[in-house]
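I have placed the structure first, in the form of structure tokens, so that the comments after it can refer back to it.
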Amino acid sequence: MEREKATTLYIGPQHPGITGNMMVRLKVEGDTIVGARTEVGYLHRAFEKLVERRNWVQSFTMMCRFCVPEPDPVEESYARAVEMLDKIEIPERAKWIRVLVLELARMSSLLLWHAGQGHSLGLYTMGQWSVGDRNYILDLFEELTGARIYHMFIWPGGVRRDFPEGFEDKVLRTMDYLEKRLEDYDNLLFENSIFQKRTQGVGYVSPEKIIEHGVVGPVLRGSGIKSDIRIDDPYEVYDKLDFVVPTQPGGDIWARALVRRVEIRQSISIIRQVIENIPKGEVYTKVPNPQKWKIPRGDAYARTESVRGEVGMFVASDGGRKPRRVHFRGAAYVHAVTLLEDVLIGQNIADVSAIMNSLGTCPPEIER
Amino acid sequence: METLLEKIKDRVSVNFDLKDHKIYADQKRVDLFFKKEHIPSVLLYLKEQMDFRHLMHMSVIDWLEEGEFEVIFLLWAPKEKIKVFVKTRIDRENPVMENMDNIWPQLNTYEREFKEMYGIEFPGLVAPEEFILEAWTGPPPMRRDFETDKFAKDNFATRPGREDAQDVRETIAKRSGEDIPDFAKKYSR
Amino acid sequence: MSFFDLRGTLKPLTSLKQFGKNPHTIRYPEVPVEASDRYRGFHFNEIEECIGCGNCATICMNESIDMIPIEGVEGDKGDSGLRPRIDYGRCCYCGLCVDVCPTGSLSLTKDFIHVSEDPDTFLFLPGVENPDAKDRKTYVSNKETSLNDWARIPMPELEGKERVKSFAEVVLGYNEEQARQEAERCISCGICTEVCPDHMHIPEYINAIATGNDEDAVRIIYDNNPLPELCGKVCTRRCEDVCAIATRGEPVAIRWLKRYATETADASDVIKDIVNPEIREPNGKKVGIIGAGPSGLTAAYYLALRGFDVTIYEANEKAGGMTMYGIPKYRLPLDSIQKQVDYIMSIGVKIHFNTKVGKDISFKEIYENNDAVFMGVGFPKAWTLGIEGEDANGSMQAVNFLHMINSGEDVEIGNKVVVVGGGNVAIDAARVSRRLGADVTILYRRRIQDMPADWEEIEGAEDEGVHMEPQAIPIKIHKDDKGNVKAIEYLKAEMVQSEDGGRPRPVAIEGSNTIMEVTAVMAAIGQQGDYDFIDKEYADQIKIERGRFVVDKDQQTTLPKLFAGGDAANRTADVISAIADGFRACKAIDKMLIG
């Protein structure tokens with residue numbers, strides 16, 4: 001009988017350290033991981049199959065459900081892909097409103113990241129604060145779109161409604177409040193020596209892995225490469241806005257945390273610029289009657305920068321009233337499967353949760 | 001932008017047998033069509049020699065009427081900021097595609113999913129059998145001939161209480177004595 | 001780095017300053033939780049405004065809306081009688097049903113809490129089960145972000161000043177792209193079909209045009225209308241009045257789309273190729289039809305398809321009745337009617353032209369030689385004005401004038417014409433006179449808004465320079481020494497409210513006599529039937545009331561073998577009613593003779 005040196009451990013699918021419903025099957029020797037395998041399949045809702053029976057406008061209501069913490073980049077990439085296919089021009093004001101919504105979604109997702117990263121290392125106060133502050137942003141969404149989490153606000157042709165009365169002031173006041181709170185987060189999380197010691201040197205992603213695995217987003221920027229879709233392949237009105245894309249050379253969890261720390265401040269600055277410069281006008285170009293709207297044959301791929309990285313929607317049409325193929329590419333599709341299995345080798349069990357939060361694993365994006 | 005895209009197409013067509021191409025200048029994108037056998041060498045060439053290092057996405061479209069699957073690779077060049085879509089067609093009855101996860105390891109995940117969802121075979125692929133579906137014994141579900149509403153009706157019971165629903169067109173036709181001919185019924189909604 | 005990091009240890013302790021602070025708490029349920037002003041909660045429906053079109057049920061991507069009949073709502077013209085019921089086990093509150101509602105009656109409210117042990121209460125009738133939610137509406141439909149297309153594609157037309165120079169057709173018709181775009185506006189509710197007298201299959205043929213299948217559209221139209229190009233140009237379009245889109249926008253151009261589809265078949269043999277009708281074997285029964293107007297032609301076509309031996313007896317030289325001899329060429333070109341009549345004749349219908357029943361052949365002969373007889377004889381005689389001087393030269397009936405013009409004869413009207421009347425015949429006579437170079441005035445006893453003519457015709461007449469003189473009652477026509485018309489004298493009238501609340505009536509103002517010099521006077525104040533052709537032995541058995549044949553719902557008169565339709569039998573007196581009468585009579589004759 002052979003003695004096995006390695007034990008198999010399962011983390012998930014119900015685990016407070018896992019960012020969602022997925023399982024990681026670890027092979028450990030003592031405390032060190034020698035092999036990892038991601039198992040998904042707990043969240044498959046088959047949206048890409050369901051849109052085959054729904055026409056172009058009905059399908060947009062399914063798009064926000066691809067990613068729970070941050071539904072708006074997905075809606076926006078679908079809307080933009082359909083507009084590319086049918087050559088629709090949307091009004092200027094609609095583009096600025098879309099940018100506002102995207103940045104607010106980015107902020108709310110980054111606040112959730114603070115919670116997740118803190119929890120993964122045992123700092124539970126962080127989560128209490130940031131999820132509470134995130135509610136102020138959700139209140140803003142409720143004012144503007146009518147719902148807190150699944151907004152269903154950005155659709156092909158523009159956005160659904162204009163700003164309500166007094167909305168701009170509310171947004172600016174919320175931004176002022178949150179900017180003050182960011183100092184408290186700094187004191188609690190980033191200046192915390194336990195956090196620094198536990199995250200420096202852990203979860204290292206080397207530059208070769210980046211190309212092989214198609215790494216995007218803060219993971220890419222945390223390894224020293226300056227790349228952001230908002231400046232590489234600008235969409236909506238990002239080419240008219242002034243913001244900084246931070247990079248850090250470390251490649252570990254600490255570097256990625258510093259990148260995200262700067263990004264949330266940049267989002268506040270972008271939102272302030274949008275409120276100041278937004279032009280007047282319409283918010284929607286009419287698309288034809290949804291029951292009879294046909295889009296010519298072709299395909300298009302629209303990418304958006306979400307908090308986790310590049311989020312893309314591939315839409316193909318066969319000339320009919322319903323989409324032929326809608327295929328979503330989430331950042332976590334790569335980060336949580338092949339990259340995670342690679343990065344986890346040689347790490348401690350206790351760091352698995354921290355690495356997953358830092359890579360931005362989000363199971364709904366993998367399984368759709 | 002058009003000339004840059006043309007140059008890319010020319011350079012590729014010099015080295016490989018290019019079946020067809022299409023240029024979208026406003027999207028900074030060029031589509032290249034190849035036969036299935038040339039795809040691995042084309043992708044390797046684009047990645048190593050022409051700086052299209054980032055694989056954005058890989059997708060499969062089921063063209064049921066034409067009896068083919070269309071396989072599409074979407075690549076991005078970070079320096080020149082250009083997209084290339086490499087497209088090919090494979091047969092639907094016996095779909096077989098080259099395993100390319102030695103070029104980009106992330107393709108391992110994509111190929112696992114397409115094997116499960118479309119039934120495409122990738123010889124040489126090393127991966128566990130199940131990816132998203134668990135204990136599934138039916139046909140590959142993303143194929144267009146698999147109908148989800150029929151599957152739902154056959155396998156699940158409907159909750160009672162909604163039987164009095166009426167179709168507006170039929171109600172009006174019955175009330176006014178209109179007789180809709182059968183060949184016209186398919187246009188009713 | 002050193003193990004003990006002073007800064008990194010003390011900084012986090014500053015979070016203790018939160019210790020004494022009150023958290024942001026909402027003390028529910030003492031303080032009610034109120035959602036925002038745009039929150040997407042439960043639905044509310046204004047039952048009175050809702051027309052039951054079912055568009056919400058179609059767009060719901062979870063199939064959670066059912067249209068059901070409810071108490072207190074009767075389906076009627078313009079309303080299907082059904083109202084939406086929502087299954088909250090499936091609804092995802094996306095609000096697409098609100099954005100797609102044409103009337104704007106459906107909206108979402110601030111309510112979002114419902115607790116119950118009975119799961120069947122989650123099948124919910126908005127508006128009926130929560131009438132007080134009317135004050136808490138949040139997400140409402142507005143026209144700018146609605147998913148409906150409110151504006152119609154405008155129809156190209158010849159311009160007013162140019163078109164009086166000729167009898168060229170005024171309306172130019174949609175081209176292919178415009179037709180497809182206009183057809184895409186339709187939401188396929190089907191409310192229009194109930195109001196159409198002939199119940200044409202409107203959503204089906206519009207959808208066929210939208211998908212590019214014009215030939216299928218022609219086949220669907222020919223299922224119960226053999227003169228669709230005619231209707232496509234001159235129908236009174238009651239369907240468009242109840243179109244769901246017309247509640248807040250412009251109705252779908254149902255008539256112009258029918259015209260587009262039928263114009264793609266540009267010759268009668270092309271129509272035959274496309275429609276490819278199935279003609280049954282001859283069944284040995286014969287049917288005689290008097291009058292080749294729209295009702296007679298319709299009955300003949302469908303009877304011939306069912307295998308009957310059909311013969312039509314027409315007094316004029318060409319078929320078409322009032323449509324051939326009463327509608328001017330700029331509205332309905334003569335070759336358009338001829339094309340449709342040629343197609344009907346090509347499937348085996350026999351027409352004897354220049355055969356007046358009662359003169360060239362007797363009614364008794366037709367009655368006894370056929371198994372059933374259908375009369376589509378119309379109202380050929382016009383009412384006279386009943387004023388002094390009506391017998392002058394140049395004073396004529398408008399219908400006779402139009403008949404002569406369409407037959408190709410020349411009519412001498414001079415250069416100043418007055419037309420008395422406010423219906424379509426008056427406007428037609430006025431616009432034809434403009435094209436013959438005269439200066440035209442229309443006298444009508446009531447106001448312009450009371451005129452029964454089609455508003456498009458009134459506008460067209462005004463664009464062409466016809467003067468309207470409302471509230472004018474003619475009393476005398478002045479003649480010159482040769483007996484020609486010299487002038488017309490009329491009184492002005494004022495509108496007086498009726499005592500019983502009816503519409504105001506004109507009362508002549510004493511002493512307001514006005515004399516206008518004219519060269520021709522045309523009377524267009526109404527028409528009546530001419531039934532002298534029926535032999536006395538039959539005439540006694542046929543009941544006639546107020547100048548019309550009395551028929552039951554199957555178009556059968558009090559004489560069982562005799563059927564009637566068209567202007568002589570119905571009160572609406574337009575083409576589509578005549579066609580509907582002919583179709584119903586055909587089905588009734590079929591049932592009576594074959595079973």
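This one's a predicted model, so the numbers in the text were calculated from it and none came from an experiment. In what follows, every heavy atom counts, from backbone to side chain, and hydrogens, waters and symmetry copies are set aside.
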Exercise for review: Tell me, out of Ala183(C), Gly95(C), Gly41(C), who's got the most heavy-atom pairs with chain A below 4.5 Å.
Suggested key: Gly95(C)
Practice item. Look up atom OG in Ser36(C) and atom CD in Glu143(A), then write down how far apart they are to the nearest 0.5 Å. Key: 5.5 Å
Check your understanding: Considering only heavy atoms from C-beta outward, does the side chain of Lys17(C) approach that of Asp184(A) to under 4.5 Å?
Key -> yes
Study note, to complete from the structure: The interface call for Asn135(A) against chain C, heavy-atom contacts under 4.5 Å, is neither
Exercise for review: Using distance alone, with no hydrogens and no angle criterion, decide if Gln291(A) and Asn55(C) have a side-chain donor and acceptor under 3.5 Å apart.
Suggested key: yes
Check your understanding: By a 4.5 Å heavy-atom criterion (distance strictly below it), what part of Arg54(A) contacts chain C: side chain, backbone, both, or neither?
Key -> side chain
Check your understanding: Within a strict 4.5 Å, meaning less than it, do heavy atoms of the Trp293(A) and Glu184(C) side chains meet?
Key -> no
**Study point:** Neighbour count >12 (heavy atoms, 6.0 Å) for atom CG, Leu43(A)
**Key:** yes
Point to revise | Straight-line distance of Thr61(A) OG1 to Asn62(C) CG, nearest 0.5 Å | key: 7.0 Å
**Study point:** Heavy-atom proximity to chain A below 4.5 Å, by part of Arg185(C)
**Key:** backbone
**Study point:** Lys280(A) atom NZ, over 12 foreign heavy atoms within 6.0 Å
**Key:** no
Check your understanding: Would the number of heavy atoms belonging to other residues, nucleotides or ligands and lying under 6.0 Å from CD of Glu282(A) be above 12?
Key -> no
Practice item. Please indicate whether Leu16(C) has more than 12 foreign heavy atoms, meaning atoms of other residues, nucleotides or ligands, lying under 6.0 Å from its CG. Key: yes
Review point. Can Asp99(C) and Arg161(A) be counted as an ion pair, charged N to O under 4.0 angstrom?
Key: yes
Exercise for review: Output the option from Pro164(A), Gly320(A), Pro288(A) having the highest count of non-hydrogen pairs under 4.5 Å with chain C.
Suggested key: Pro164(A)
Study note, to complete from the structure: Ordered numerically, the heavy-atom neighbours of chain A under 4.5 Å found in residues 136-146 of chain C are Tyr139(C), Val140(C), Ser141(C), Asn142(C), Lys143(C), Glu144(C), Thr145(C), Ser146(C)
Check your understanding: Of the non-hydrogen atoms in Thr58(C) and Gln58(A), which two are nearest, and what is the gap between them?
Key -> O-NE2, 3.4 Å
Revision key, fill the gap. Taken to the nearest 0.5 Å, the spacing of Asp149(C) CG from Lys286(A) NZ works out to 6.5 Å
Exercise for review: With a 4.5 Å heavy-atom cut-off (strictly below), which parts of residues 144-159 of chain A touch chain C? List them by number.
Suggested key: Leu144(A), Thr145(A), Gly146(A), Ala147(A), Tyr150(A), His151(A), Met152(A), Trp155(A)
**Study point:** Side chain / backbone / both / neither for Cys92(C) at chain A, heavy atoms under 4.5 Å
**Key:** both
Point to revise | Residues Lys292(A) and Ser188(C): side-chain donor-acceptor under 3.5 angstrom | key: yes
Practice item. Heavy atoms only, distances under 4.5 angstrom: which of Leu108(C), Leu13(C), Asp37(C), Leu147(C) has the most pairs with chain A? Name it, please. Key: Leu147(C)
Review point. Given a strict heavy-atom distance threshold of 4.5 Å, which part of Tyr136(A) is in contact with chain C: side chain, backbone, both, or neither?
Key: side chain
Point to revise | side chain to side chain contact (heavy atoms under 4.5 Å, CB included) between Val57(A) and Met61(C), intermediate numbers included | key: CA-CA 9 Å; Val57(A) 173; Met61(C) 65 137 193; over 6 Å; no
